[in-house]
Amino acid sequence: MEKQYNFKENEEQLYKEWAKKDAWEPKGTGKPFVMVIPPPNVTGSLHMGHALNTTCQDILARYYRQKGRPVKWVVGTDHAGIATQTKVEKALIKKGIKKNEISKEEFLKHIWEWKKEHGDQIIHQLQRLGASCDWSKIHFTMDDDYQKAVKTAFKHFYDQGLIYQADRVVNWCVRCQTSLSDLEVEYRPEKAKLWHIKYPVKISELRSQNQVQNLKSSKNHEPRTTNHDYIVVATTRSETMLGDSAVAVNPKDERYKNLIGQTVILPITGREIPIVSDSSVDMKFGTGAVKVTPAHDMLDSEIGERQKLESIQVIDKYGKIMTEGMQEFRNLGIKECREKIIEELEKQSLIEKVEEIEHNLSVCYRCEREIEPMPSKQWFIDMNHSNAKCKMQNAKSQLKIKNDQNSKSLKELGMEAVRSGKVQFVPKKWEKVYLDWMENVKDWCISRQLIWGHKIPIEGETDVLDTWFSSALWSFATLGYPEKIDEKYYPTTVLSTARDIIYLWVSRMIFSSVELIGEIPFEKVYIHPTIYNQEGKRMSKSLGTGVDPIELIDKYGADAVRFGLTLLNTGVQDIKFNEVHIVAGRKFANKLHNIARYIDLQIQNSESRVLPTLRSGSRLNVGKNPIYKKYLEKIEKLETETERDLEQFRFGQALERIYHFIWHDFADKMIEESKADESEEKIVFLQTAFSRLLDLVEPFLPFVSAKIKNILNSELKIQNAKSQFRVQNHS
RNA sequence: GGGCGAUUAGCUCAGUUGGUUAGAGCGUCUCGUUUACACCGAGAAGGUCGGGGGUUCGAGCCCCUCAUCGCCUACCA
């Protein structure tokens, strides 16, 4: 054995062996331990979050496999609709190909080519980390059998009356040319100008001098600069006033009480629109009076619905102004129009003042372009109603849907699965987060105007499904649905994932599984900590604050990376990434290697005539020496504590204890003290103790552990063969 | 605006129901080349556990309050 552990050589050799198809198929007879890996985007590359999550899962997989349970760890990738399409679009532009200039079919071909070329990258990266997934089948959400699952699921929801089409204001990405669900919208703080615009009130309708007086003396409106009477609205989006249908004020607002029901003349357009009262208006913001554009704002759309206002679309899906009449604005970009309107209003002295504010700009989570809310016909899943599910289940269906489920909404099913304790979150606090969100869940917009994805299985539809619709089926579509689900493996045991997809993914998997299978998808949801960079900020590729786990693996080894991440993973606390712990991991691997080297030497130098047959993991009790006996009891305690920790997902605590024991107890004390012992028993003891300690280490640092076990085992074989030979010669 | 979490050694973090002198890794300092390992060993320095108040025989841990930071969420136009 070399003086220093060569992780590179060892890991290179082992991970290829482990990536073989049948290497990790479930074996054994106990209660199966089943996980589905959160499928990474097919175009993605491994980031620190993946590395941590994969490490957690692999620790569990290897630990329970060691315990003799059949472990099934389902693996695969997600087609990731919008993310992939955006990525391939960009790649094509570099080649001089524009998406708009080629047919849908050609574009799809390019995406499949891309998938073929790059789709395996993330899989290889998972393997380099040592992930012991069941590689015999690498699922993909666009596989034929998966497509079948999606179609079947859609049909079920549809037949139950849970899918409907509606014309609604949705989040629209002008660049991606698709709708987005609320969860796919991100927010970016931005400085903006808040224009205070005077909308003239139709004076003839003011019934009494009193009202005029009231209006004039209104605090926010002074000093008056013209002879007219106005109501002042505040907006950052002047261009949308072309589509205003009302001005809304809070019914409790004394300033405007008497104006409710009056009419204002919308500047520029000259249209007459009412002043309405709506309790959603915040009296403290701006002037307390808000212009209502039902077609281009989520809140306004709701007000519009309540107040039965007309929805006037003035921005088209390409982000251009579309107006009837008023040629001067037609086809302008949004920002151009915004300025032009302001110019015009200034000319008419209708701008009262301009405020600088900071507000949240909503942007597309994939391309970061500004979101334009606009009306659009889309497909939705009804989350809140149960009476829609009037049609009874298909008698031929093998789905065993319990009767009471037919009277519950998806929201209720999702909440009940967690409330009842059937699905448990670890740490527990995420249950509340989940339930709070579920409680207020809105209907889910599932149609996307993309090319890459599952086509909505309705005649004539060209839209595809939200990528999360298909991932919602992941836990069972990978285990046999819609054909027969292997009941042995369902529900799965643990789902380990990141907190930022609790809503996007976990929640949808739960209600989908309960609705479609009549069974929860997993018993436990482990939400691992989030990794931040050293400044405590989010790691982000686009910000250049990310750390590439593969580079770390190259530098320190996969074992070391696993060690470093796991040591920091103590549960509740989020992780500020720091390389020092990975350095410690590399040292630890080396330490293990050297302990093995020492024991190996002892075995080799042994003059023993008869070495007891030892196996890896042997529970053989050694000898009379009470010190050794006691020490093995100490190890047993460590084993118990590790088991307890891993049952509670206390990965960091478990590893820390093992690490400390091996280094500062076993190596620093026990081995040092044993050096004085010349007896044969010492060797038996060291070998036994160490092999048990290696078992404890193996789930955490599988590469170095496997290597050492091999060496020690083969050394033992040699020695045993020798002693057998001697025994035979003597007899 | 709501919710959650954090604040412990120079840095990154442990600290399991409140119980003697608060721990680890890295870093720093001293010594040590003893044939497993210098990616090592022996030892040392370094913390009024964010501030303030309270409960208790006893508080890093429980309660209140303030401060700072972070995350999630929301319709502030």
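Each chain gets a letter, A, B and so on, in the order the sequences are listed, and its residues count up from 1.
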Does [N] have its OP1 or OP2 closer than 4.0 Å to a side-chain nitrogen or oxygen of [X]?
X	N	answer
A:Lys591	B:rG41	yes
A:His581	B:rC11	no
A:Gln4	B:rC37	no
A:Lys587	B:rC26	yes
A:Trp663	B:rG41	yes

Would you mind telling me which residue lines up with the more 5' stretch of RNA chain B, A:Lys576 or A:Met298, judged by nearest nucleotide?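 On the 5' side of the pair lies A:Lys576.
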RNA chain B: 5'-proximal contact among A:Tyr5 and A:Leu299 (nearest heavy atom):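 Taking each residue's closest nucleotide, the earlier one in sequence belongs to A:Tyr5.
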Answer with base, sugar-phosphate or nothing: what part of the nucleic acid does [X] contact at a heavy-atom distance below 4.0 Å?
X	result
A:Ala589	nothing
A:Lys675	base
A:Asn578	sugar-phosphate

Separation of the C1' atoms in B:rG10 and B:rA45, to the nearest angstrom: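 One C1' to the other, the span is 12 Å.
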Atom C1', compared across B:rC49 and B:rA14: separation rounded to whole Å: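 Pairwise C1' distance, B:rC49 against B:rA14, rounds to 13 Å.
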Name the closest nucleotide to the [X] side chain, picking from [options].
X	options	value
A:Arg650	B:rU16, B:rA77, B:rA36	B:rU16
A:Arg597	B:rC37, B:rC75, B:rU12	B:rC37
A:Phe285	B:rA36, B:rC13, B:rA77	B:rA77
A:Lys3	B:rC71, B:rC75, B:rA38	B:rA38
A:Thr570	B:rA14, B:rC71, B:rA36	B:rA14

Under a 4.5 Å cut-off applied to non-hydrogen side-chain atoms, are A:Ile312 and A:Val314 in contact?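 A:Ile312 reaches A:Val314 side chain to side chain.
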